[in-house]
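The structure's right below; bear with me while I get my questions together.
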Amino acid sequence: MATTPNTEVRPAPPGAGSSTGPAGTPSAATPGGLADSAAQDHPDAEPRPGDGRPPGAGAREPATDYSDYPVQAARHPGRWVGTVIVGLLVAAIMWSLFTNPRWEWDVVAQWFTAESVIRGLGETLKLTAIAGILGFVLGFLLALMRLSSSPLLASVSWTFSWIFRSTPLLVQLLLWYNLGYLYDKISLGIPFTDVRFFEASTTSLISQFAAAILGLTLNQAAYSAEIIRGGILSVDQGQLEAASALGLPAWRRSTRIVLPQAMRSILPTAFNEIIGLVKGTSVVYVLAYSELFYTVQVIYNRTQQVLPLLLVATLWYIVITSVLSVAQYYIERHYSKGALRTLPLTPLQKLRRFLAVRSANLSVTRKGDR
Amino acid sequence: MTTASITEPTRGLIQIRDVHKSFGANEVLRGITLTVEPGEVVAVLGPSGSGKSTLLRTINHLERVDRGTIAVDGELIGYRPRKGRLHELREHEVLAQRTQIGMVFQSFNLFPHLTALENVTEAPIHAQRRDKASVQDRAVELLARVGLADKIHAYPRQLSGGQQQRVAIARALALDPKIVLFDEPTSALDPELVNEVLDVIRDLAESGTTLVIVTHEMTFARDVADRVVFMDQGVIVEEGTPAEIFGAPRHERTRAFLSKVLEPAYDI
């Protein structure tokens with residue numbers, strides 16, 4: 001524990017003053033309680049390295065100047081082993097992908113840009129865009145309704161989300177498509193009278209496309225409403241209060257003050273939803289609607305090249321998701337304005353900086369070589 | 001002040017009459033009657049929970065009163081008297097009234113996604129529908145007046161607390177309000193930043209705008225206020241000039257409060 005005050009002073013190596021204490025303890029503390037009583041007699045005899053000399057004197061010798069020593073980077077052998085193992089695995093997977101003839105890459109290439117596939121892709125994009133946009137607009141209104149002080153609006157919004165989140169999308173799509181079975185005609189008029197402004201048979205009105213859009217949009221709106229509501233709730237109440245105190249109108253308060261701040265927490269989940277929707281549109285194959293997935297199914301049912309054609313669809317879904325992910329990065333960056341002191345560099349800027357540093361280093365080494 | 005008082009003799013008169021306000025069973029304001037003259041600077045003091053902030057928030061109708069009336073320059077806040085009834089104002093009428101009353105919050109409440117300049121110009125352009133170019137010029141001028149000429153394009157998070165509060169003051173002033181309400185404007189600030197904000201408010205006090213300041217800065221209240229109001233448990237316990245309140249408080253509760261908040265080294 002404590003070094004006794006009469007511990008003999010040993011020359012301490014420069015800069016190693018603290019090691020004197022523990023090293024000196026065993027020999028000094030062994031002679032019975034002598035060390036303890038001595039420590040009690042001198043309450044300020046706490047471990048003081050190099051005691052008997054001015055405190056810290058051991059460290060006072062002139063420090064060695066290391067300024068012209070080059071720095072040797074630490075070695076990370078484990079990292080190298082891991083890199084080699086993962087590298088081998090990736091190589092093995094790539095090897096199997098490109099050498100196993102059963103992937104039939106030639107068939108994939110043949111169908112990847114085939115006209116029917118591209119048309120199906122267009123339909124998928126159209127469904128995603130329309131259902132995504134309408135879904136989020138409706139979701140925004142549902143979120144505002146849910147947050148309104150009118151109990152009727154709030155409960156209607158709650159019930160909407162409850163119904164559309166509780167039923168499978170597949171069931172919703174089939175229900176919309178078969179609406180004609182439940183209601184022969186759809187008409188617009190004054191309720192409880194015979195006045196009709198517009199009337200049409202349900203089957204002519206609800207095409208496959210209409211059923212697909214209805215199902216996807218309403219389903220999407222139910223989920224978006226919750227995402228947007230969560231985002232709005234995450235904005236500090238003081239923001240609304242300040243906006244009210246400044247006399248800003250309600251719509252301006254929502255769209256200019258609250259929504260842009262809510263976007264920061266809405267966006268990551270919203271993009272999750274949109275990316276989910278891209279692949280979710282494949283469910284409309286039950287309506288025999290010729291989007292990407294249904295088109296591919298039709299083709300492989302004819303040609304029996306099931307896996308290569310599924311690969312065609314998969315590759316297109318990967319392309320769409322990649323584009324959306326890049327878009328997500330930039331949109332999130334836009335809405336982080338003011339939330340971060342400095343915006344992070346974009347990957348492109350990072351690459352440019354990396355290349356600039358590289359070329360600078362290169363020119364330095366070349367100079368050194370000479 | 002002189003020019004303003006000639007053209008608009010009663011600009012910024014606040015008449016609060018018998019105002020009551022409860023949150024559930026908790027009665028926060030229990031009959032407040034107070035008149036603030038145009039151009040007057042009133043400091044409201046009191047222990048926390050005494051209803052000071054609530055009183056301030058009723059003046060611009062952020063908080064609805066349960067009973068009593070508040071009038072600014074003779075115009076009732078939140079209501080219109082007609083045929084013996086008080087008709088509640090529509091939302092846009094309330095908003096129009098609020099643009100005449102600036103408010104500065106304890107926690108600044110700047111819009112973090114807008115720059116200092118955008119924070120200041122937002123309300124004049126979109127609440128008062130004033131011309132964008134002149135609003136911008138005026139905003140730059142106001143930011144310069146609070147000492148932030150070089151920060152007009154900074155986002156709130158890039159500013160210190162004191163700078164943020166000065167932007168918030170500029171934002172309130174951009175509406176050309178008759179009255180500015182300050183709700184503990186320096187309570188969220190580090191001690192060394194308090195004075196830069198108080199200097200701006202002091203400057204404003206001399207310009208002839210009616211100010212109501214809820215504060216814990218006793219020295220400041222004594223130096224700047226024309227009148228000090230001491231509140232406790234939802235009522236005004238006593239009011240008077242700073243010399244009267246700080247020098248010879250008549251009420252026991254005022255004395256007890258002042259002895260707690262004034263440092264011993266502070267001789268009056």
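Keep in mind that the numbers below use all heavy atoms, side chains included, and drop hydrogens, waters and symmetry copies. Within every chain, numbering begins at 1; the chains are lettered A, B, ... in the order of the sequence lines, protein sequences first and strands thereafter.
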Please look at Pro156(B) and chain A and tell me whether the side chain, the backbone, both or neither of the residue comes under 4.5 angstrom of a heavy atom of that chain.
neither
Using a heavy-atom cutoff of under 4.5 Å, enumerate the residues of residues 64-72 of chain B that contact chain A, numbered in order, or state 'none'.
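Against chain A, none of the residues of residues 64-72 of chain B fall inside the cut-off of heavy atoms under 4.5 Å.
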Taking CZ in Arg17(B) as the centre, count heavy atoms belonging to other residues, nucleotides or ligands within less than 6.0 Å. Is the count above 12?
no
Interchain contact, Arg171(B) with chain A, by part (heavy-atom threshold 4.5 Å):
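Contact with chain A is through both the backbone and side chain of Arg171(B).
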Heavy atom to heavy atom, less than 4.5 Å: which residues from residues 236-244 of chain A reach chain B?
Asp236(A), Gly238(A), Gln239(A), Glu241(A), Ala242(A), Ala243(A), Ser244(A)
In terms of heavy-atom contacts, does OH of Tyr330(A) have more than 12 from other residues, nucleotides or ligands at under 6.0 Å?
yes
For chain A, the option from Val104(B), Thr115(B), Leu181(B), Leu110(B) that forms the most heavy-atom pairs under 4.5 Å:
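So the answer, after comparing Val104(B), Thr115(B), Leu181(B), Leu110(B), is Leu110(B).
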At what distance, to the nearest 0.5 angstrom, does CG of Leu246(A) lie from CG of Asn109(B)?
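Rounded to the nearest 0.5 Å, the CG-CG separation comes to 10.0 Å.
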Would you say that more than 12 heavy atoms from the other residues, nucleotides or ligands in this model lie under 6.0 Å from the CZ of Arg333(A), or not?
yes
What residue, out of Glu91(B), His92(B), Gln100(B), has the most heavy-atom pairs lying under 4.5 Å from chain A?
Glu91(B)
Of all heavy-atom pairs between Gly247(A) and Ala127(B), which one has the smallest distance, and what is that distance?
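Reported closest heavy-atom pair: O-CB, 3.3 Å.
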If the contact rule is any heavy atom under 4.5 Å from chain B, which residues of residues 249-272 of chain A qualify, in numerical order?
Pro249(A), Ala250(A), Arg252(A), Arg253(A), Arg256(A), Ile257(A), Pro260(A), Gln261(A)
Set of residues satisfying side chain to side chain donor-acceptor pair (under 3.5 Å) with respect to Thr124(A), sequence neighbours excluded:
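With sequence neighbours excluded, Thr124(A) shows a side chain to side chain donor-acceptor pair (under 3.5 Å) to no residue whatsoever.
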Heavy-atom proximity to chain A below 4.5 Å, by part of Phe111(B):
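Contact with chain A involves both backbone and side-chain atoms of Phe111(B).
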